[in-house]
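So you know, we letter chains A, B, ... as the sequences are listed, proteins then strands, and number each from 1. Since this is a predicted model, take the numbers as computed values, not measurements.
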There are 2 protein chains.
Amino acid sequence: MSEKVTIYDIAEKLNITAATVSRALNNNPKIKEATRELVIKTAAAMNYKQNKLALALKSGRSNNIGVIVPRIDSNFFASVIRGIEEELYPHGYQVIICQTHESIKRENENLHTLVDAQVDGIMMSVTGISDENDSAFRNVLEKNVPLIFFDRSKHIDGVSSVTINDFKGGYLATKHLIDEGCRNIAHFSGDQSLDIFKNRFLGYKQALLDNGLPFNEEYVIFTKSSVDAGKDAVDKLLQLQTPPDAIFSSSDFAALGAIQELKERNISIPSEFCVAGFSNEPFTKFMELSITSVDQSPLEMGRMSARVFLEQVDKTDTIKIEKKVVLAPELHIRKSSTRTNF
Amino acid sequence: MSEKVTIYDIAEKLNITAATVSRALNNNPKIKEATRELVIKTAAAMNYKQNKLALALKSGRSNNIGVIVPRIDSNFFASVIRGIEEELYPHGYQVIICQTHESIKRENENLHTLVDAQVDGIMMSVTGISDENDSAFRNVLEKNVPLIFFDRSKHIDGVSSVTINDFKGGYLATKHLIDEGCRNIAHFSGDQSLDIFKNRFLGYKQALLDNGLPFNEEYVIFTKSSVDAGKDAVDKLLQLQTPPDAIFSSSDFAALGAIQELKERNISIPSEFCVAGFSNEPFTKFMELSITSVDQSPLEMGRMSARVFLEQVDKTDTIKIEKKVVLAPELHIRKSSTRTNF
DNA sequence: TACTTTCGTGTAATCGATTACATAAAACTT
DNA sequence: AAGTTTTATGTAATCGATTACACGAAAGTA
């Protein structure tokens, strides 16, 4: 009962060859209509299921694509993956998930594993910039596996990417804080070897300069993306001679930590201090004191990455297209930065 | 440069056969040490990578496992998947993600697709109970693909599951509300054809009875797991002759909606009204008015599911073991239900 | 009727690995 | 030195599908 049925079993039963069965099932026009119907009926009766592995080996296409992210249990990455899966599902691709846990070594391993598993493409958000794993990337490209970066990308010739305009995101958030009357705006940044953090920072800086505010190096703090890191950063900022009156944080979690710490110190938000985050994590909207944040449209980012992959995979033989899609960030203004009584 | 290197290429270069190359690379003891070293060195020099598809076809094991969830962008499911991936990674398995979007038809398709893709096992959280897709499940079992349910499970002979004790979770939360002085406790339930909702409800009911409180059918509202559904439900409850003074919600989102609606009506929490949710979504902890919730230890659930799979996959030839792992829920008591001034 | 197309299937190679069986060479007996 | 065992490797089948090529039969043409 549980034996796997192959085209040979069907062939034997009908006294024909496996080749004919294969052709019949694939709607090859050379097969007589009567034969085709008989084969299809018999296949159904025997509960035949095509072995995708055999097909994959023969065709060289596994119909699997790999997705590498730092971790999956973050709303942003989960949403991107959701977008990828939704877009690829109708095309018959399966999505394989890998997590790096922010380790370059792991990223390396994942890249190799996916290539070895013969995936038809890889979409990833880079964990960090280092030349430690250049060879892993080179391996992917040499094997002609389409590679697409989303959000956190790396500059590699011939590799497409889907990102948001982080500069603009940083600019918008900072400009908003300025418009709300803040004059000493601090910034929580991340590892600036990653473009996303670099560009948010540059956007922040530009907004200050464009509005006649001085850029103060002391106001830029490098934090991890965590609540505690945000608390610590606020602690540092408040010890400055001129403490800031607002924070634009590259991380919603750090922004939340900042808010918690500020409240702890009885600094009232937004009247005395404004906060804006980045990523539009679900909780920013749910809080009673909802947090202003820059949305990165992760679902759209995932969908778009998948679409870029599909374009790429079709024109395998033509010249490699390097597509850089840049999505527009959207600032969601909420209570943490809205001085209604202004 | 980009050509794929096979064992035949290595064999040709060294004037030996592919069989010898294969044995050398697999540390077969019958191979002369000198030959082994030479093969390994040459393989490395030629940048040989084993084609996992060929291996999979030959061995009948793809080293892929499939995970089916309603959606991936929910902290609970994402965390379970994280647990699964982490536990399986050292064993060389890759994780394929499928989403049903709460559609039985999609669940069906996913099951078939995964089986056709020759996955070595399937872990899933059932989307709904219906006999529409019994055949899909039967197909999985007939093909001897290990199947493991987590969280939302279905009763099928020989299928293992990893769940939490939802009865206890419901009981704990309700008992806690009673202890805080609430006497008219309402309950937001879900589709009770799913055990998880049925059992949380039963736990709720039992806690009432054990504490001498009457069970009131009107206090049980069936809601979707969304903020808006929670608001609507509160609206209904407040129209009752004797409105409740607490809610135990099977969904954190509905609990949040309830809280928002109650605040809107100037009902103060927790002094006048207490709320407890289920799932311990990240935002419940982050809110200023943090929400009491039952934790389901999703990470542990994922890890455990993976472990059950690993046990199962090894003893393929022995009798099928049906393992039912039941994790203990943990109530996280927070502000939404703590009457400090009590 | 003899000759050319067309049609439908069969034969066998192929994808890239593993492995039971066969075998030649080397090593060990006595 | 002849016989036996061990060692290292080659031969060929196999996993389950697809497909170029071959070929007999049927159909069309003159």
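Between A:Leu147 atom CG and A:Lys154 atom NZ the span is 10.5 Å, to the nearest 0.5 Å. Annotation: the span from A:Leu38 atom CG to A:Ile16 atom CD1 amounts to 7.0 Å, rounded to 0.5 Å. Separating the CZ atom in A:Arg138 from the CG atom in B:Asn47 is a distance of 10.0 Å, to the nearest 0.5 Å. Rounding to the nearest 0.5 Å gives a distance of 9.5 Å between CZ of A:Arg82 and CD1 of B:Ile72.
Side-chain N/O atoms of B:Ser153 and B:Ser161 include no donor and acceptor closer than 3.5 Å. For the 3.5 Å distance criterion, the side chains of B:Thr20 and B:Thr17 qualify, holding a donor opposite an acceptor.
In this structure, the CG atom of A:Leu55 is 14 Å from the P atom of D:dG16, given to the nearest Å. Atom NZ in B:Lys52 sits roughly 13 Å away from atom C1' in C:dG16 (whole-Å rounding). Here C:dT11 presents its P atom at 12 Å from CD1 of A:Ile16, a figure rounded to the nearest Å. Here C:dT9 presents its C1' atom at 14 Å from CG of A:Leu14, a figure rounded to the nearest Å. To the nearest angstrom, P of C:dG10 lies 12 Å from CD1 of A:Ile7. Counting to the nearest Å, the C1' atom of C:dG16 and the NZ atom of A:Lys143 are 14 Å from each other. Atom CZ of B:Arg36 and atom C1' of D:dT9 are 13 Å apart (whole Å). In this structure, A:Gln118 atom CD and D:dA17 atom P are separated by 19 Å, rounded to whole Å.
Between B:Asn26 and A:Ala18, the one whose closest nucleotide on DNA chain C sits nearer the 5' end is A:Ala18.
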Tabulate atom names and distances for all N/O pairs under 3.5 angstrom spanning the protein and nucleotides 20-25 of chain D.
| residue | atom | partner | partner atom | Å |
| --- | --- | --- | --- | --- |
| D:dA20 | N6 | A:Arg23 | NH1 | 3.4 |

Under-3.5 Å N/O pairs linking protein and nucleotides 13-15 of chain D:
none

- Worked verdict on A:Asp195 versus A:His155 for side chain to side chain donor-acceptor pair (under 3.5 Å): CA-CA 10 Å; A:Asp195 282 348; A:His155 299 283; 2.9 Å; yes

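One finds no side-chain N or O of B:Thr20 lying less than 4.0 angstrom from the OP1 or OP2 phosphate oxygen of D:dT9. Contact annotation: B:Thr17 side-chain N/O to D:dT9 OP1/OP2 distance is not under 4.0 Å. Of the side-chain N and O atoms in B:Ser22, one or more sit less than 4.0 angstrom from OP1 or OP2 of C:dT18.
Salt-bridge check for A:Glu107 with A:Lys105: failed, with every basic side-chain N at 4.0 Å or more from each acidic carboxylate O.
Proximity of a side-chain donor or acceptor of B:Asn26 to a complementary backbone N or O of B:Arg23 within less than 3.5 Å is not detected.
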